[in-house]
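Structure first, commentary second.
The model shown is predicted, which means the values in this text are computed figures rather than measured ones. By convention in this document, chain letters (A, B, ...) are assigned in the order of the sequence lines, proteins followed by strands, and residues within each chain are numbered from 1.
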Amino acid sequence: MTATRFDLSPQYDPHAVERPLYRRWVERGVFTARVDSPKPPYVIVIPPPNVTAVLHMGQGLNNVTQDVLIRFERMRGREALWLPGTDHAGIATQNVVERIIATEGKSRFDLGREAFVARVWAFVKETGATILEQLKVIGASCDWTRTRFTLDPAYSRAVRDVFVTLWEEGLIYRGHRVIHWCPRCLTALSDEEAESKDIDGKLYFIRYHVEGGPKPYLTVATTRPETMLGDTAVAVNPKDPRHRGFVGKVARVPIIDLPVPIIADEAVEPGFGTGFVKVTPAHDATDFEIGLRHKLEMPLVMTEDGRMEHPTRVPKTLADLDRFDAREKIVDMLKERGLLEKVEPHRHAVRHCYRCDTVVEPRLSDQWFVKMKPLAQPALEAYRTGAIRLVPERWGATYEHWMENIRDWNISRQLWWGHRIPVFTCTKCVPPRQWADREDPKACPECGGPVEQDPDVLDTWFSSWLWPFATLGWPDETPDLKRFYPGHTLVTAPEILFFWVARMIMAGYHFRADRPFATVYLHGTVRDTQHRKMSKSLGNGIDPLDVVGKFGADALRWTTIAGVSLGSDLILDPNDLETTFAPGRNFANKLWNIGRFILAQLPERVQSISNLDPSRLALADRWILGQAYKTIVAATEHLEAFRLDEAAKTCFEFAWSDLADWYVEAVKPRLAAAASPSAAAQRAPAASGDAAAAQAVLVFCFDTVLRLLHPVVPFITEELWQKLPGRQPEDLLAVAAWPTVPAALPKLRADFEFARVQEAISKIRAIRAEYRVAPKTRVAATIKPRTELIRAAFDGERDTIVRLAQLSELQFDGGLRGTGAHAVLADGSEVFVALSDAIDVQQECRRLSGELTRLEQQLAGLAAKLTNQQFVARAPAEVVAKEREKERAWRDQRQVLADKLKSLGCS
RNA sequence: GGGCGAAUAGCUCAGUUGGUUCAGAGCGCCUGCCUUACACGCAGGAAGUCGGGGGUUCGAAUCCCUCUUCGCCCACCA
């Protein structure tokens, strides 16, 4: 009696199941980590997306990866916490809102600071949760009860505490130096925020008149003629023999005819350009250093937004011109005066603002800095001792290099959106008293005078670097903090290794005296087929939600996991979503239909395989169980090693190639026989394997593979798993146990025999193609096993073979005549194929003995190596040990082969 | 200028410590099938001297050297 207990459509419809399932997971609280749970914790903190962000494929890859790991560990019995949230993203968010008010014809200065910040808050409150909602669509199993925002009051308190603590430790200082300045965002940037890009520029060779020198003029080479107006010296290398006579003389800056000294400084590279360098201390970091050494004047000749301006140095014709317009104009003026010697094309690195891509202007200013060396030391140590591991390892070198050469961090931003710097100045005290404070002071504690707060805000990364503990309630010793710090895995892109990851590690050790996580998994970048990074500006992006709409969330997840190996880039074709995402959709559909078939075959009650008498297992049963166990082991190992693609593919193969293509087809005759006993009675009785056993095995295998696949494709697996027999309404796959292999694994020993069955069937199927046999032709064939082993295998599988042969459009009648297959062709002629080849013992003997021979050769080679004194003496001990281990393994293998040959009766 | 990575079938990529199962997968292509789970499917098939060259080894897609091409990161030659 086959009760069709579920009426399922032939095609899986992701849209019908995804949202309701997600709601159930959330309602049942399966994503919520419990503080009082006895389970060992497993913690991932999300790389918080910008509040204004909308989901793109890069975040899709990032978050699906995290979700796979967190779901895996949750099923393995860990108290899994995936902590979500968003970043206020200072410049980025301020830019977005500024653009919006620009459409109203206003600037932030029109609104004023308070009103502008209120406006940003309103914007954030309105649209800020967009990306988090989108994460739910792709199935992210975040603990939404713990969602955080880097500008939450509690979080802000942590940021402020950190600032004041560093201040108290003397690690924060006011620096007067040349920093990266974005003339569009009107703020300072850190070194990391000013990205180098190679630009095809020009090198201008400009003559400066010299008074009383060996020659009447000298020539400097510069890529930025406009900075000439800020020159306060010309420098040469003291060791440069060509220009010795010039040092101490005076050069005249063209156009403004300003006298500047010619000085000697080691920083000048004699090999570059002419050996003469114009020195502009206020607009170049190197020149600033030279300026310090030679006590030069340091005039700024540009406004904050990059226009030329200086009371004496900028002539009227150039005043107020944008720096690039000024460059052209100055070049023209030099040409007119015959002072432009030549212009050469010159490719060089130019810093750009990482938020708006504007060319950064080096600018002398006062900023707050953090001394990084003391913080970097433990973070470097942690990596070297293995307390923190990078995956893939190759990033370790980059990390070490950055840490070793770390530079102080400019943390002040001339923005309004962000954490206001808690530095206060008394305007009454003399000298002015300045201090950092955890609370807003109402008056100067010294003199009771009025107090002013620093107008700037902190770098957005100055709050994100606290993410792993500030989200858990730090600086208070909350239960969450005690339980969920330190965390375990951080999943992110290498781009923010320095911005974020390295700094989190430093903060973790400095403020918690412990690592924030043990493993940093660095995944690749999402690119198009031309290997260009997907981006809005290039228009080569793929909208993950569009993909979910077309193919389902599982399809999106499948491609991002199965399509990318550890640490490599994910190449997707935005112009062909079908090719890119259909495999996942097709696989989900395959699972759906396997489920549909199995469910239709099941009686009310299905036995558990653990209660099944092993003697009731047919060859195919034993084989598929063996495959299932292998898959459990492989998938688990791969996930543990972050080989997510391998884990996914292993399960895919088991589900599709083993379970669906072979096993399901193989048990159909048995199931059919059980369904109609009268028909079965006419058949030869099966040697072993009854329908109930097949049902038990089917359920076990399907249940197992659904569990294994759940982290990757949670929706389809949950939907099907709940339909399996014996499920209670409250059962959820999301918190079901991860499969394990029984400690006492039953001896299945079916590989060899079933491989012979598969081989025989392939042989029969091949008849069609080879002889162009018309479909449905009846083929008579006899499989003539020559050993007991194979005979036993085939006797039990006669129905199976008939059935499987049918899949190639052949009517194979179980084999009665002759020793081969024989088919009647369309024209009435007959063909005959010797099927015995497929299972020919002699052939098998030849194959096996060939293998044995090769193995013997290998063993001989290895033995030679191992007896070679030089090798043993010089190779590292572990290599030698490994070779010995290999030798042992091969000897075992040799024994296995020999046994097989013996059992086949080969000579 | 330094460092790192990649190059395998038409496309996108696997291939873990060199060794039977290694030359693979998905898509695409060719042939035939609506076989009562699935045409988002089934069966069969074609297709690669593993970027070039050299080396180590009994044995190399895998290790070493070198060249070519592409990509990334870092760097104050203006």
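Regarding contacts with the backbone of B:G71, every side-chain N or O of A:Thr525 stays at 4.0 angstrom or more from both OP1 and OP2. Listed pair A:Lys590 / B:G26 fails the phosphate criterion, with no side-chain N or O lying under 4.0 Å from OP1 or OP2. For A:Arg596 and B:C38, the shortest distance from a side-chain N or O to OP1 or OP2 is below 4.0 Å. For B:A37, the OP1/OP2 oxygens have a side-chain nitrogen or oxygen of A:Lys668 closer than 4.0 Å. OP1 or OP2 of B:G15 has at least one side-chain nitrogen or oxygen of A:Arg643 nearer than 4.0 Å. Dashed line: the shortest gap from a side-chain N or O of A:Asn586 to OP1 or OP2 of B:C38 is not under 4.0 Å.
Checking A:Glu195 against A:Tyr354 by side-chain atom types alone, no donor-acceptor pair falls below 3.5 Å.
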Using a cut-off of under 3.5 Å, enumerate the N/O to N/O pairs linking the protein to nucleotides 17-19 of chain B.
from	atom 1	to	atom 2	distance (Å)
B:U17	O2'	A:Lys882	NZ	3.2
B:G19	N7	A:Lys886	NZ	3.4

Mind listing the N/O atom pairs, protein and nucleotides 73-76 of chain B, below 3.5 Å?
from	atom 1	to	atom 2	distance (Å)
B:A75	OP1	A:Arg407	NH2	3.0
B:C76	OP1	A:Arg407	NH1	3.0
B:C76	OP2	A:Arg351	NH2	3.4
B:C76	O2'	A:Thr286	OG1	3.3
B:C76	O2	A:Thr286	OG1	2.9

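Of the candidates B:C38, B:A78, B:G15, the closest approach to any side-chain atom of A:Glu646 belongs to B:G15.
Here the separation of B:C27 from B:C64, taken at their P atoms, is 35 Å to the nearest Å. Straight-line distance between the P atoms of B:G54 and B:C50: roughly 13 Å, to the nearest whole Å. B:G41 sits 9 Å from B:C34 when the C1' atoms are compared, rounded to a whole Å. Separation of the P atoms belonging to B:C67 and B:G48 is 31 Å when rounded to the nearest angstrom.
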Working note: A:Glu495 + A:Lys533, criterion salt bridge (Lys or Arg N to Asp or Glu O under 4.0 Å); need CA distance, chi angles, decisive distance, verdict. CA-CA 12 Å; A:Glu495 286 111 80; A:Lys533 196 170 168 175; 3.3 Å; yes
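Rounded to an integer number of Å, the gap from A:Arg527 CZ to B:C70 P is 15 Å. When rounded to the nearest whole Å, the span between CG of A:Leu497 and C1' of B:G3 equals 14 Å.
With pairs defined as Watson-Crick or G-U wobble and both atom distances under 3.5 Å, the stems of at least three pairs that touch RNA chain B come out as B:1-7 with B:68-74, B:10-13 with B:24-27, B:29-33 with B:41-45, B:51-55 with B:63-67.
Applying the side-chain hydrogen bond (donor to acceptor under 3.5 Å, both in side chains) test to every pair with at least one member in residues 634-648 of chain A, sequence neighbours left out, gives these pairs: A:Arg76-A:Glu640, A:Thr636-A:Trp738.
The shortest heavy-atom contact between A:Pro574 and A:Asn540 is CG-O, 3.4 Å.
Contacts between residues 651-660 of chain A and RNA chain B, defined by a heavy-atom separation under 4.0 Å, are made by A:Trp656, A:Ala660.
A:Val220 comes within 4.0 angstrom of no nucleic acid atom, judged by non-hydrogen atoms across all strands. Residue-level contact check: A:Thr280 touches neither bases nor backbone, having no heavy atom under 4.0 Å from any strand.
Listed by chain and residue number, A:Trp558, A:Phe587, A:Trp656 satisfy the ring pair (Phe, Tyr, Trp, His ring centres under 6.0 Å) test with A:Phe652 (two or more places apart in sequence, or in another chain).
Annotation: cation-pi pair A:Lys342/A:Tyr204 absent, no NZ/CZ under 6.0 Å from the ring centroid and within 45° of its normal.
Side-chain rings of A:Phe715 and A:His15 stay apart, their centers remaining 6.0 Å or farther from each other.
Side-chain atoms of A:Glu665 and base atoms of B:A37 include a donor and an acceptor less than 3.5 Å apart.
Residue-environment remark: CD (A:Glu404) exceeds the threshold of 12 foreign heavy atoms within 6.0 Å.
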